[in-house]
Amino acid sequence: MLDNHFDPKVAEPRIYNEWERSDAFKPREGDAETFSIVIPPPNVTGVLHMGHALNNTLQDVLCRFERMRGKRVLWQPGTDHAGIATQMVVERQLADAGGNEDRRSLGRDAFVDRVWRWKEESGGAIINQLKRLGASCDWSRERFTLGDRNDPDNQMAAAVRKAFIDLYKDGLIYRDKRLVNWDPQFQTAISDLEVENREIDGHFWHFKYPIAGGETYTYVERDEDGNVLFEEERDYISIATTRPETMLGDGAVAVHPSDERYAPIVGKMVRLPLADRLIPIITDEYPDPDFGSGAVKITGAHDFNDYAVAKRNDLPMYPLMDERARMIQSPDKDGNPVMPEKYVGMDRFDARKAVVQDIGAQGLMIEVEDKKIQQPFGDRSGVVIEPMLTDQWYVDAETLAQPAIKAVETGDVKFVPDNWSKTYFEWMRNIEPWCISRQLWWGHRIPAWYGPDGKFFVAETKGHAIDQAKEHYGEHVELTQDEDVLDTWFSSGLWPFSTMGWPDETAELKDFYPTSTLVTGFDIIFFWVARMMMQGIHFMGEPPFKEVYVHALVRDEKGAKMSKSKGNVIDPLKLVDEYGADALRFTLAAMAAQGRDIKLAESRVAGYRNFGTKLWNAARFCQMNECTLWEPDAFDPLNVDLTVNRWIVSETAKTADTVVRELEAYRFNDAAGAIYRFTWNVFCDWYLELIKPVLNGEDGAAKDETRKTAAWALNQILHVLHPFMPFVTEELWGELSEFGPERQNMLVVDAWPEFDAAARAPDAEAEIDWVIRLVTEIRSVRSDINVPAGAKVPMTLVGGDDEAKARLERYSDLIERLARLESCSIASEIPAGAVQAVLDDATIALTLTNVIDFEAERARLEKEIAKLNDDITKIDKKLSNEQFVSKAPEHVVAEQHERRTDAVGARSKLSDALTTLASIGE
RNA sequence: GGGCGGUUAGCUCAGCGGUAGAGCACUACGUUGACAUCGUAGGGGUCACUGGUUCGAUCCCAGUACCGCCCACCA
């Protein structure tokens, strides 16, 4: 006998172990259709958050669904080494340890070893957390983006090397010196995507750059019509900046060619204050005459715009800072120092203060404006990014993007919902070269070796590089490997095929690539989806997935992004502890409508926990009534006789169809809603109530059939609900099944129910629907006029067609029970003093002489009548509109007529009742 | 500056050219042998605003107002 509650804490781990032990998550054998998903690999040292919970729940729903449908399902799991993020954690650990150790003092090998140890220590955590959620990944295939460090054949690393070398050979990877986003905290380059622009409070300093030789000019400011607003003699040009320290590296001052204010001095030199160099005033399209003074200082080596201007105009670019953003000396083309000695070694922000002060001291400060300014921050480090001129490795993303764009344009790859393809196109069509080198230690080292003169050789191994070098130099030379590692996303981009054994031609690749679906949040469309598309198409010849289901991001109840600093993080594991994994999963699925974000309210989780309990108790009821003898082969749902059984078979089939349809369209919420409503509002609320008299009655064919049907319907529920609530359904399946020797399998691998169209029984649906409506109507009336819940009253059906009468007779026992009636009968006259309600064209009369509440009854009737009047008025308005009658589709017009007839009929009956009531009341 | 979403019941959200829905919360009643993590009944919405298309608009179109997100080099 089942307990009266399901205890997820005990049952879930046990069930999960059983699944794993039975290899339920491995792709089944055979040649059935395949279905594959690669997991978005979580950071190896990460902790499961709500985003993972949603992402993996949805993947698991799909995998379990398809597995039950008989497909060979591979859900490929694994973790990502997450270069910067992980290195950062370990560096912080060193710092927190309080010793003098840091990354540099440890040295590369020792540090990397430290990170590996941290990975080994914490790397299992997130996997175990995914298991607690119920994720049905094939864990025997777990992969790590860095591979296994003890494996000399490390295939994941081989895949990365091969990808790099092939792209290099194809001219799609190159080395270049250009301005990159430099993170002074981590001392590495980062890609555009890892930069977060934030608006902060800053200042806008206005300086004077004196014209060389003390020359002056007439500065004239005009309005739109050319009228002079302001005019003065100046011996300077006014420039404005939010970053004064960069002025030390200015190469010119630029003005717009059309800017007449500065026309007199274009081509002249200004004296750069502090640095005491002469720089030219040039024209360029870049400056906006309406912004600031219209004159822009050009610091080619520390600003992306200025870099472009400097390149166009062949201006010198002076690097001003080192890797930690401390000011450094830089020579000009004649070898003279550019940086005044006093600033050398200063931090950039200290230098800023010093420059501002020194400019002021020289009387060259015009004003300081407080201003909101956009500043780039490293998304991991949180420090201001410094544009720096460095040598880096780049991927020619533009070339790789073309087929990736085309694949989506042609529909080979579909985004669901489709509007995300716009976001994808927008980015892909404007893609910039992808900087893939990182000055980190944790990652795949770049397979390039340098000769003594800086010439590099890209090769699989050092040996091969040396061979190449020998050919190049004509003699053996010592080579040193590039110090840098690759951007994490370079290896993540290979994930759909590297995890399946690429570059080897494996059976897995043949069977499971391309994958069926990618399930991901929209925040990594650029980072990951785009890169997988580019690399997948390039290396495998076809896109890595057929569909990309993009789900929402989980927010807190107020819609704020969950973040540790806000303290609004809801820990999915706490919810699992409290409500069970099934409840959390169901909540996430039910809320996965295709919007932008999911605001999670804990009350929903509690609600779905209750749903699990409801199901549990329904099963318990079935068990008590011996509805557990399910022998699917021996029972044919199409062959049941009792209307109520034919009805539940029909409703079950309808629901299963809906769930399939909705899941195939990724409408998880609709699928979840359908099975929820069926289970609770149809099976529990009505079917079980309707069959109680049969189950409590005498043994016989009817009881036997009903037991079997109930068991069957419950079984269908367990199957259809399993993808959403795998634990409780598996537990019930185990508890209620009679395990014969031939039925050893668990629900997780059992077959999804197939339904014959013949399972649908419209006549049974109509009949039971009538009973339900009748009972509901009676209950409603009773409640409205305050009939005590325990009071049993006689009911009489007056009027109505033969079918209604027949139904009443057929179900009188049931109706009496469910509506708490003393009796029900059929009469041609309404009994005196009866309370009346209308069902179709029949009148329901309740005789309650002793218990009637006249006032309540009058109020009830008046309200009903008013409502009907309202309806009728609305309908009349429509029907009297010629345009409506002539233009609306026939069935709509007919429906209005029908509704009017019904309403008028009901109104007349209720009006009569009101009149009668008035006469009694007096 | 571009782009994309959102605005529906107290809250969190579905829906969608033809009588506005769910969960939670709320109210009343209820110890009917599955279930109080429950049952029965009920209250609650001019579907942001303004125009347009249409016989008919919460739904389609345009605009407005708020809110949110993404992208972008205004020094």
Side-chain angles (χ1 to χ4, degrees), chain A residues 2 4-6 192-193 197 204 239-243 246 254 286-288 290-299 303-309 373-374 376 387 419-420 422-423 426-427 430 522-523 525-526 553 555 557-561 579 583 587 590-591 593 595-604 606-625 669-670 673 676-677 684-685 688-689 692 696 775-776 779-784 786-790 817-818 820 871 874-875 878 881-889 891-893 895-896 899 903:
Chain A
L2 292 168
N4 61 350
H5 290 104
F6 173 63
D192 297 344
L193 287 175
N197 281 299
F204 204 31
I239 60 95
T241 180
T242 55
R243 305 191 52 205
T246 63
Y286 164 60
D288 174 0
D290 296 327
F291 186 82
S293 67
V296 183
K297 58 188 272 313
I298 302 300
T299 318
D303 181 282
F304 285 95
N305 292 311
D306 294 6
Y307 178 73
V309 177
I373 56 168
Q374 290 271 327
N419 54 324
W420 288 110
K422 275 188 198 162
T423 306
E426 183 62 25
W427 191 68
N430 297 297
F522 57 79
D523 52 335
I525 289 178
F526 304 146
L553 259 33
R555 312 265 150 124
E557 276 175 78
K558 296 184 195 93
K561 206 167 181 168
Y579 303 104
T587 308
M591 304 205 64
R596 274 271 176 159
D597 42 41
I598 293 177
K599 285 176 228 163
L600 190 77
E602 197 172 318
S603 61
R604 289 291 290 260
Y608 291 121
R609 184 269 322 266
N610 297 353
F611 173 58
T613 307
K614 185 76 182 174
L615 171 70
W616 183 264
N617 280 295
R620 200 159 154 257
F621 172 82
C622 289
Q623 189 186 41
M624 282 175 175
N625 287 283
N669 59 316
D670 290 325
Y676 178 94
R677 282 191 301 276
C684 292
D685 287 352
L688 294 184
E689 294 303 325
K692 276 178 182 173
N696 291 335
V775 170
T776 305
R779 284 171 173 172
S780 176
V781 171
R782 292 176 56 118
S783 170
D784 277 351
N786 306 319
V787 176
R817 175 193 161 93
L818 295 176
R820 318 226 87 210
D871 286 353
K874 270 191 216 156
I875 295 167
K878 273 194 180 176
N881 181 345
E882 270 177 44
Q883 298 279 355
F884 172 74
V885 178
S886 60
K887 291 194 177 171
H891 76 272
V892 173
V893 178
E895 191 187 313
Q896 295 298 322
R899 281 185 52 207

Next item on the list: Just call it for Ser886(A): base, sugar-phosphate, or nothing, with non-hydrogen atoms closer than 4.0 Å on any strand.
Entry: nothing
Next item on the list: For U64(B) and U40(B), measure between their P atoms and round to the nearest Å.
Entry: 49 Å
Check: Is there side-chain contact between Leu193(A) and Trp427(A), with heavy atoms separated by less than 4.5 Å?
Finding: yes
Note to self: What is the distance, to the nearest angstrom, from the CD1 atom on Ile525(A) to the P atom on G3(B)?
What the structure shows: 18 Å
Notebook entry, point to check: Under 4.0 angstrom, heavy atoms only, what part of the nucleic acid is Arg899(A) near: base, sugar-phosphate, or nothing?
Noted result: base
Item checked: Distance, C1' atom - from C69(B) to C61(B), rounded to whole angstrom -> 25 Å
Next item on the list: Give one of base, sugar-phosphate or nothing for Tyr608(A), where a contact means two heavy atoms less than 4.0 Å apart.
Entry: nothing
Notebook entry, point to check: How about Thr299(A) and Tyr307(A): do any of their side-chain heavy atoms sit closer than 4.5 Å?
Noted result: no
Note to self: Output one letter per nucleotide in nucleotides 25-36 of chain B: B when a protein non-hydrogen atom lies under 4.0 Å from the base, S when only the sugar-phosphate is that close, - when neither is.
What the structure shows: ----S--B-BB-
Margin query: Taking the P atom in each of C55(B) and G23(B), what is the distance between them to the nearest angstrom?
Written below: 38 Å
Notebook entry, point to check: Want to settle it: does Ser603(A) or Val885(A) sit nearer the 5' end of RNA chain B, counting the closest nucleotide to each?
Noted result: Ser603(A)
Next item on the list: For Asn430(A), enumerate each residue passing the side chain to side chain contact (heavy atoms under 4.5 Å, CB included) test, keeping only those at least two apart in sequence or located in another chain.
Entry: Glu426(A)
Next item on the list: Give the rounded distance in Å between these two atoms: CZ of Phe526(A) and C1' of C4(B).
Entry: 10 Å
Check: Given C71(B), is OP1 or OP2 found less than 4.0 Å from the side-chain N or O atoms of Asn430(A)?
Finding: no
Check nucleotides 72-75 of chain B for protein N or O atoms closer than 3.5 Å to its own N or O atoms and list the pairs.
{"unit_1": "C73(B)", "atom_1": "O2'", "unit_2": "Asn305(A)", "atom_2": "ND2", "d": "2.4"}
{"unit_1": "C73(B)", "atom_1": "N1", "unit_2": "Asn305(A)", "atom_2": "OD1", "d": "2.8"}
{"unit_1": "C73(B)", "atom_1": "O2", "unit_2": "Asn305(A)", "atom_2": "OD1", "d": "2.5"}
{"unit_1": "C74(B)", "atom_1": "O2", "unit_2": "Asp288(A)", "atom_2": "OD2", "d": "3.3"}
{"unit_1": "A75(B)", "atom_1": "O2'", "unit_2": "Ala240(A)", "atom_2": "O", "d": "3.3"}
{"unit_1": "A75(B)", "atom_1": "N6", "unit_2": "Asp288(A)", "atom_2": "O", "d": "2.8"}
{"unit_1": "A75(B)", "atom_1": "N6", "unit_2": "Phe291(A)", "atom_2": "O", "d": "2.4"}
{"unit_1": "A75(B)", "atom_1": "N1", "unit_2": "Asp288(A)", "atom_2": "N", "d": "2.9"}
{"unit_1": "A75(B)", "atom_1": "N3", "unit_2": "Tyr286(A)", "atom_2": "OH", "d": "3.4"}

Next item on the list: Please determine, for the side chain of Asn419(A), which listed nucleotide (G23(B), C71(B), G5(B)) has the closest atom?
Entry: G5(B)
Next item on the list: Considering non-hydrogen atoms only, spot the tightest contact between Glu602(A) and Tyr579(A) and give its length.
Entry: OE2-OH, 3.0 Å
Check: Taking the same atom, P, in G51(B) and in U12(B), what whole-Å distance lies between them?
Finding: 29 Å
Next item on the list: Rounded to the nearest angstrom, tell me the gap between atom NZ in Lys887(A) and atom C1' in G18(B).
Entry: 16 Å
Item checked: Integer-rounded Å distance: G21(B) P and Tyr676(A) OH -> 18 Å
Item checked: C67(B) versus C24(B) - spacing of their C1' atoms, nearest Å -> 24 Å
Next item on the list: Pick the P atom in G56(B) and in G18(B), then give their distance to the nearest Å.
Entry: 14 Å
Next item on the list: Using atom CZ of Phe522(A) as one end and atom C1' of C69(B) as the other, report the distance to the nearest whole Å.
Entry: 7 Å
Item checked: Euclidean distance for P, G6(B) against G63(B) (whole angstrom) -> 16 Å
Note to self: Which label fits Phe204(A) and Phe291(A): parallel for a plane angle under 30°, tilted from 30 to 60°, or perpendicular past 60°?
What the structure shows: tilted
Next item on the list: Starting from Watson-Crick (N1-N3 plus N6-O4 or O6-N4) and G-U wobble pairs under 3.5 Å, report the runs of at least three that RNA chain B belongs to.
Entry: B:1-7 with B:65-71, B:10-13 with B:21-24, B:26-30 with B:38-42, B:48-52 with B:60-64
Next item on the list: Kindly write out the residues that satisfy side chain to side chain contact (heavy atoms under 4.5 Å, CB included) with Lys692(A), not counting sequence neighbours, or none if the list is empty.
Entry: Phe621(A), Glu689(A), Asn696(A), Arg817(A)
Margin query: Distance check needed: C4(B) C1' versus Trp420(A) CH2, whole Å only.
Written below: 7 Å
Checklist line | Worked check of ring-ring contact (aromatic ring centres under 6.0 Å, His included) between Tyr608(A) and Tyr676(A) | finding: CA-CA 9 Å; Tyr608(A) 291 121; Tyr676(A) 178 94; 5.5 Å; yes
Note to self: Let me confirm one number: the CD1-OG1 distance from Ile525(A) to Thr423(A), rounded to the nearest 0.5 Å.
What the structure shows: 5.5 Å
Next item on the list: Return the value, rounded to whole Å, for the distance between atom CD of Gln896(A) and atom P of G18(B).
Entry: 12 Å
Next item on the list: Mind listing the closest non-hydrogen atom pair of Ala789(A) and Arg782(A) along with its distance?
Entry: O-NH2, 3.3 Å
Notebook entry, point to check: Counting side-chain heavy atoms from C-beta on, which of C71(B), A41(B), U19(B) comes nearest to Asp784(A)?
Noted result: A41(B)
Check: For the side chain of Arg899(A) and the backbone of Ile875(A), is there at least one donor-acceptor N/O pair under 3.5 Å apart?
Finding: no
Check: Quick one: are Val296(A) and Tyr286(A) in side-chain contact, heavy atoms under 4.5 Å?
Finding: yes
Next item on the list: For the residue pair Leu2(A) and Trp616(A), establish whether any side-chain heavy-atom pair is separated by less than 4.5 Å.
Entry: yes
Margin query: Rounding to an integer number of angstrom, what distance separates U50(B) and U58(B) when you compare their P atoms?
Written below: 12 Å
Item checked: By side chain to side chain contact (heavy atoms under 4.5 Å, CB included) - contacts of Arg243(A) (at least two apart) -> Thr241(A), Glu245(A), Thr246(A), Met321(A), Arg352(A), Gln375(A), Glu386(A), Pro387(A)
Margin query: Between Thr242(A) and Gln374(A), is there a side-chain heavy-atom distance shorter than 4.5 Å?
Written below: no
Note to self: Rounded to whole Å, how long is the line connecting atom CG of Asp670(A) with atom P of G23(B)?
What the structure shows: 15 Å
Check: Of Gly607(A) and Gln883(A), whose nearest nucleotide on RNA chain B comes first from the 5' end?
Finding: Gly607(A)
Note to self: Quiz question: going by heavy-atom distance under 3.5 Å, is there a donor-acceptor pair between the base of U40(B) and the side chain of Arg779(A)?
What the structure shows: no
